[in-house]
Amino acid sequence: MARLAQTAGLTDVQQEILSTVRDFVDKEIIPVATELEHRDEYPQAIVDGLKELGLFGLMIPEEYGGLGESLLTYALCVEEIARGWMSVSGIINTHFIVAYMLKQHGTQEQKDHFLPRMAAGDIRGAFSMSEPALGSDVSAITSKAVKDGDEYVLNGQKMWLTNGGTSSLVAVLVRSDEGHPEGTAPHKSMTTFLVEKEPGFGAVRPGLTVPGKIDKMGYKGVDTTELIMDGLRIPADRVLGGVTGRGFYQMMDGVEVGRVNVAARGCGVAQRAFELGVRYAQQRHTFGKAIAQHQAIQFKLAEMATKVEAAHAMMVNAARKKDSGERNDLEAGMAKYLASEYCKEVVEDAFRIHGGYGFSKEYEIERLYREAPMLLIGEGTAEIQKMIIGRRLLEEYRFQG
């Protein structure tokens with residue numbers, strides 16, 4: 001039988017890229033992932049390897065030194081990387097979203113300045129939308145930018161930055177009332193700023209502090225941080241796209257492709273959980289035979305495999321829709337919702353198959369069990385996805401009565 005979650009219609013180049021990434025995951029990530037995760041250690045050697053493979057520039061156009069590949073190729077690579085260790089896919093994802101936003105919305109000067117170094121992996125990207133009291137309500141952002149001559153002064157506190165410490169470029173969404181009269185809708189008075197900084201923690205540039213890593217249940221290794229702006233001065237030419245008031249739309253465009261990425265991560269983690277479950281079920285014996293021979297376990301494996309296939313198909317469909325140039329918020333929302341929910345269920349079933357050993361840190365499934373919940377929240381909760389899906393369905397199926 002073929003391996004689960006195969007993708008039809010790939011080019012020879014896509015297949016070669018995926019084969020290379022899969023080999024890297026099997027040889028360089030899976031053998032060390034659990035040990036690094038338990039130590040909450042940044043996977044520098046793995047990141048250096050991905051840099052050599054050119055994955056930091058996978059979707060950046062060739063004219064800027066990237067590979068110019070599609071969102072589908074990128075998502076399939078993320079699926080493979082998350083199968084090895086989800087934290088590594090997070091390091092790539094935030095970088096990718098910033099590069100995508102620059103490619104789609106940046107001025108020519110901004111593209112020329114940032115994209116070649118991002119493609120080489122010399123500049124690592126992070127993006128910042130959330131705040132401590134914000135949750136999913138982006139319109140409630142309180143961080144603010146005030147114009148002062150040829151600069152803007154930024155003040156506020158941001159939250160949940162993946163790559164917050166290791167990045168050297170952060171796309172930050174803040175309110176910018178300048179040029180927008182009182183009463184303007186909140187989403188029309190937001191601006192994305194491109195903030196350059198030194199990697200690390202503490203004061204990373206005048207007016208900007210990254211306090212340290214947030215201690216998390218899972219998703220370890222990758223640094224998740226706060227960002228505190230206190231009189232941070234940013235030149236006007238670092239407004240993404242050169243015009244204020246467009247930040248919300250720019251960020252939502254980035255998050256839309258990010259949702260495909262989160263779906264891909266869910267697919268990858270679920271695949272690994274299935275692999276661990278089906279292998280253990282054939283090794284563990286009870287009542288004189290492998291537990292895989294018990295009908296209850298076979299039913300569980302059947303359900304797990306079906307969920308892996310369904311989530312993968314929806315993720316591929318959402319990526320291809322975006323690559324075609326069509327609107328894909330409905331498909332991306334469905335893919336993210338289904339893949340993250342199915343991932344949680346497949347991981348839990350694999351955990352149950354392992355019995356008491358699943359609770360031991362000696363077994364890889366313990367790490368996956370702590371990682372899967374992050375996907376239920378990242379890039380919008382299930383409730384947010386349902387809102388997006390519901391509204392789009394009412395647009396498509398509007399009753400004319």
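The first residue of the sequence shown is numbered 1, and numbering continues consecutively from there.
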Is atom CD of E198 surrounded by more than 12 heavy atoms (other residues, nucleotides or ligands) closer than 6.0 Å? no
So does C343 get a backbone contact from the side chain of K307, meaning a donor-acceptor N/O pair under 3.5 Å? no
Are any non-hydrogen side-chain atoms of K188 and Y249 less than 4.5 angstrom apart? yes
Would a distance-only check, ignoring hydrogens and angles, find a side-chain to backbone donor-acceptor pair under 3.5 Å from T191 to G245? yes
Mind telling me whether Y74 and F96 have parallel, tilted or perpendicular rings, with 30° and 60° as the class edges? parallel
Is there a side-chain contact between E63 and L115 in this structure, where contact means two heavy atoms from C-beta onward sitting under 4.5 Å apart? no
Among V25, T20, D26, the one residue meeting side chain to side chain contact (heavy atoms under 4.5 Å, CB included) with R22: D26
What heavy-atom pair brings L232 and G207 nearest, and what distance separates the two atoms? CB-O, 3.6 Å
Salt bridge E371-R272, side-chain N to carboxylate O under 4.0 Å: no
Could you check whether E275 pairs with R279 (Lys NZ or Arg NE/NH1/NH2 to Asp/Glu carboxylate O, under 4.0 Å)? no
Any side-chain heavy-atom pair from L375 and K344 closer than 4.5 angstrom? no
Measuring only between side-chain heavy atoms, which start at C-beta, is D230 closer than 4.5 Å to T209? no
Any side-chain heavy-atom pair of E383 and M387 under 4.5 Å: no
Should the pair K300-E303 be classified as a salt bridge under the 4.0 Å nitrogen-to-oxygen rule? no
Under 3.5 Å, side chain of N93 to main-chain N/O of N261, donor-acceptor pair present? no
Minimum heavy-atom distance between V153 and G231, given as atom pair plus value: CG1-CA, 3.7 Å
Assess whether a salt bridge exists between E256 and R259, defined as any Lys/Arg side-chain N lying under 4.0 Å from an Asp/Glu carboxylate O. no
Atom pair CZ/CG of R391 and D329 - distance to nearest 0.5 Å: 11.0 Å
Quick check: closest heavy atoms across D40 and G221, and the distance to 0.1 Å? OD1-N, 2.7 Å
Donor-acceptor contact below 3.5 Å, side chain T306 vs main chain A302: yes
side-chain contact (heavy atoms from CB on, under 4.5 Å) between T7 and Q14: does it pass, once the steps are laid out? CA-CA 10 Å; T7 310; Q14 288 174 313; over 6 Å; no
Between I234 and the options V172, L208, V174, L154, the side chain to side chain contact (heavy atoms under 4.5 Å, CB included) test singles out L154
Looking at G378, is its backbone amide N or carbonyl O close enough to the side chain of K336 to form a donor-acceptor pair, meaning the two atoms are under 3.5 Å apart? yes
Would you sort out whether R265 and V78 count as a side-chain contact (heavy atoms from CB on, under 4.5 Å), showing the intermediate values? CA-CA 6 Å; R265 283 197 257 178; V78 165; 3.6 Å; yes
Do the rings of H294 and F287 sit parallel, tilted or perpendicular, given the 30° and 60° boundaries? perpendicular
Over all atoms of both residues, closest heavy-atom pair of Q282 and H285: O-CE1, 4.1 Å
So, R83 and E79, do they make that salt bridge, N to O below 4.0 Å? no
Less than 4.0 Å between a side-chain N and a carboxylate O, is that true for E37 and R367? no
From CD (E80) to CG (L18), nearest 0.5 Å: 6.5 Å
Look up atom CG in N328 and atom CG in L71, then write down how far apart they are to the nearest 0.5 Å. 7.5 Å
Taking atom CZ of R398 as the centre, does the number of heavy atoms from other residues, nucleotides or ligands within less than 6.0 Å exceed 12? no
Gap between atom CG of L55 and atom CZ of F24 - 0.5 Å precision: 8.0 Å
Any donor and acceptor pair, going by atom type alone, linking the side chain of R238 with main-chain N or O of V195 inside 3.5 Å? no
In terms of ring plane angle, is the pair F351 and Y369 parallel, tilted or perpendicular, where the classes change at 30° and 60°? parallel
Does D223 reach the main-chain N or O of K213 with its side chain, forming a donor-acceptor pair under 3.5 Å? no
If you count the non-hydrogen atoms of other residues, nucleotides and ligands that lie under 6.0 Å from CD in Q295, is the total more than 12? no
Is Q15 atom CD crowded by more than 12 heavy atoms from other residues, nucleotides or ligands, each under 6.0 Å away? yes
Report yes or no: does R117 contribute a side-chain atom to a donor-acceptor pair with the main-chain N or O of D122 at less than 3.5 Å? no
If we only count heavy atoms from C-beta on, is the L102 to M118 side-chain gap below 4.5 Å? yes
Exercise: identify the closest heavy-atom pair between M251 and A171: CE-O, 3.4 Å
Check: H95/S167 side-chain N/O donor and acceptor closer than 3.5 Å: no
dist T225:OG1 -> I214:CD1 (nearest 0.5 Å) comes out at 6.5 Å
Enter the distance from L173:CG to F248:CZ here, rounded to the nearest 0.5 Å. 8.5 Å
What one should report as the nearest heavy-atom pair of G358 and I365 is CA-CG2, 3.7 Å
Other residues, nucleotides and ligands only: do more than 12 of their heavy atoms fall within 6.0 Å of CD on E362? no
Is a side-chain donor or acceptor of R124 paired with a backbone partner of T166 at a separation under 3.5 angstrom? no
Expected output: side-chain Q293 to main-chain A290 donor-acceptor under 3.5 Å: no
Counting neighbours of NZ on K144 that are heavy atoms of other residues, nucleotides or ligands and sit closer than 6.0 Å, is the number greater than 12? no
For Y42 and V47, what are the C-alpha separation, side-chain angles and deciding distance, and is it a side-chain contact (heavy atoms from CB on, under 4.5 Å)? CA-CA 9 Å; Y42 187 78; V47 171; 3.7 Å; yes
Determine whether more than 12 heavy atoms belonging to other residues, nucleotides or ligands lie under 6.0 Å from atom NZ of K27. no
Flag for E366-H38: side-chain donor and acceptor within less than 3.5 Å: yes
With a 4.5 Å limit on heavy-atom distance, are the side chains of H113 and L194 in contact? no
Side chain to side chain contact (heavy atoms under 4.5 Å, CB included) test vs V170 passes for just one of L161, T94, N163, namely L161
Are the side chains of E196 and F114 in contact, using a 4.5 Å heavy-atom criterion? yes
Evaluate E331 against R320 for side-chain contact (heavy atoms from CB on, under 4.5 Å), listing each step before the verdict. CA-CA 10 Å; E331 291 78 10; R320 282 182 162 148; over 6 Å; no
Residue R205 excluded, over 12 heavy atoms near CZ under 6.0 Å: yes
